[in-house]
Amino acid sequence: MRLDVLYFAWVRERIGLPKEQVETEAATVAGLVAELVAREERYAAAFADITALRVALDQELAEFSAPLDGVREVAFFPPMTGG
Amino acid sequence: MPVRVQAEPFDFGAEAAAFAAGATSAGAVVTFLGVVRDDSGSLSRMEIEHYPGMTERALASIAAEATDRWHLLDALVIHRHGSLLPGEAIMMVATAARHRAEAFAAADFLMDYLKSRAPFWKKEFGADGAAWVAAKDSDEDALSRW
């Protein structure tokens, strides 16, 4: 399946791009993260501490254990600081 | 329940006046204005990044929940993104209800939720370089009040 993967704030800075298309067979967000981490050091650096990250699936907050079935857009970012 | 996400500055006074004028059957209107704060004394600017699409959805969802829980007659959220200077307005909320308790509670709820559930990220630029503003545990804890 092909996913749009988005990165924001320091996750975007560490990985070095705001958005990319990823071809994956991962069943869950955690599986996708493991694939990305295995790719290159910059992904490993960005995902070193997953408890410091949040994920959204199709623009709704989700858990790292969530399935990717039917998902088109995945976004990774640090905890939000609005207001 | 208008929700606006914009780079341009907004006129807090004019927005508050127009909001109050439109809330014809309200007995109470509460407004809150968030401003870029310079704690270090050396902040040159703040950059606010957001997630276009999700931001609008999250704000609309938070505003809808506030409206439902406190029977608001109207609510307004304006949040800026991009480059802001110390002292500039970042965001505002306004709530209109029949009584003040509902208007205050709903405004408080809106602020707590949009701090940690709306996809914005702040980066501060100062004399010592740039740093992302870290979320506080107290921001997350604040949600348990509701």
Side-chain angles (χ1 to χ4, degrees), chain A residues 1-22 28-29 32-33 36 41-83, chain B residues 3 5 32-37 46-63 77-81 84 89-93 107-124 129-143:
Chain A
M1 107 189 101
R2 178 167 292 188
L3 293 172
D4 284 327
V5 183
L6 285 69
Y7 310 107
F8 292 96
W10 58 256
V11 182
R12 171 179 56 73
E13 291 179 339
R14 278 188 202 174
I15 292 172
L17 77 177
K19 181 177 181 175
E20 63 183 323
Q21 287 205 323
V22 174
T28 64
V29 175
L32 172 64
V33 169
L36 292 171
E41 177 53 35
R42 57 198 171 107
Y43 291 95
F47 291 104
D49 178 9
I50 219 165
T51 64
L53 294 179
R54 301 289 180 268
V55 61
L57 300 180
D58 291 329
Q59 305 188 355
E60 297 280 350
L61 283 174
E63 302 292 329
F64 281 82
S65 57
L68 290 176
D69 196 25
V71 170
R72 296 172 57 186
E73 185 173 293
V74 180
F76 294 104
F77 42 78
M80 297 160 271
T81 52
Chain B
V3 162
V5 181
F32 171 87
L33 177 68
V35 176
V36 179
R37 190 180 60 225
M46 175 180 274
E47 291 273 351
I48 301 180
E49 181 171 335
H50 80 115
Y51 182 173
M54 181 175 169
T55 309
E56 291 80 359
R57 285 170 62 145
L59 293 178
S61 159
I62 294 164
V77 178
I78 302 175
H79 204 302
R80 293 179 62 195
H81 59 88
L84 284 80
I90 301 177
M91 52 82 62
M92 68 171 285
V93 302
D108 207 10
F109 168 91
L110 282 171
M111 287 311 307
D112 276 350
Y113 267 78
L114 67 84
K115 261 203 151 355
S116 47
R117 289 291 181 272
F120 291 98
W121 301 275
K122 297 189 182 113
K123 191 174 190 180
E124 293 179 336
W132 290 97
V133 174
K136 298 188 194 75
D137 289 342
S138 57
D139 291 340
E140 192 65 26
D141 294 345
L143 302 188

Quiz prompt | Contact origin within B/Ile90 toward chain A - heavy atom pairs under 4.5 Å | solution = side chain
Quiz item: If you check every heavy atom in residues 10-19 of chain A against those of chain B, which residues fall under 4.5 Å?
Solution: A/Trp10, A/Arg12, A/Glu13
Quiz prompt | Heavy-atom contact with chain B under 4.5 Å, split by part of A/Ala56 | solution = side chain
Exercise. Kindly check if the number of other-residue, nucleotide or ligand heavy atoms within 6.0 Å of CD (A/Glu20) is above 12?
Key: yes
Quiz item: Under a 4.5 Å heavy-atom cutoff, which of B/Gly34, B/Ala58, B/Ser116 has the most pairs with chain A?
Solution: B/Ser116
Quiz prompt | Best-contacting candidate, B/Lys123, B/Glu47, B/Arg80, B/Met92, against chain A by heavy atom pairs under 4.5 angstrom | solution = B/Lys123
Self-check item: Best-contacting candidate, B/Trp121, B/Phe120, B/Phe32, against chain A by heavy atom pairs under 4.5 angstrom
Solution: B/Trp121
Identify each donor-acceptor pair in which a side-chain atom of residues 66-83 of chain A lies under 3.5 Å from a protein atom, sequence neighbours left out, and give them as a table.
residue, atom, partner, partner atom, Å
A/Glu73, OE2, A/Gln59, NE2, 3.2
A/Glu73, OE2, B/Tyr51, OH, 2.4
A/Thr81, OG1, B/Lys122, N, 3.1

Quiz item: With sequence neighbours excluded, what pairs up with B/His81 under the ring pair (Phe, Tyr, Trp, His ring centres under 6.0 Å) test?
Solution: B/His50
Quiz item: A/Asp49: what forms a side chain to side chain donor-acceptor pair (under 3.5 Å) with it, not counting sequence neighbours?
Solution: A/Thr51
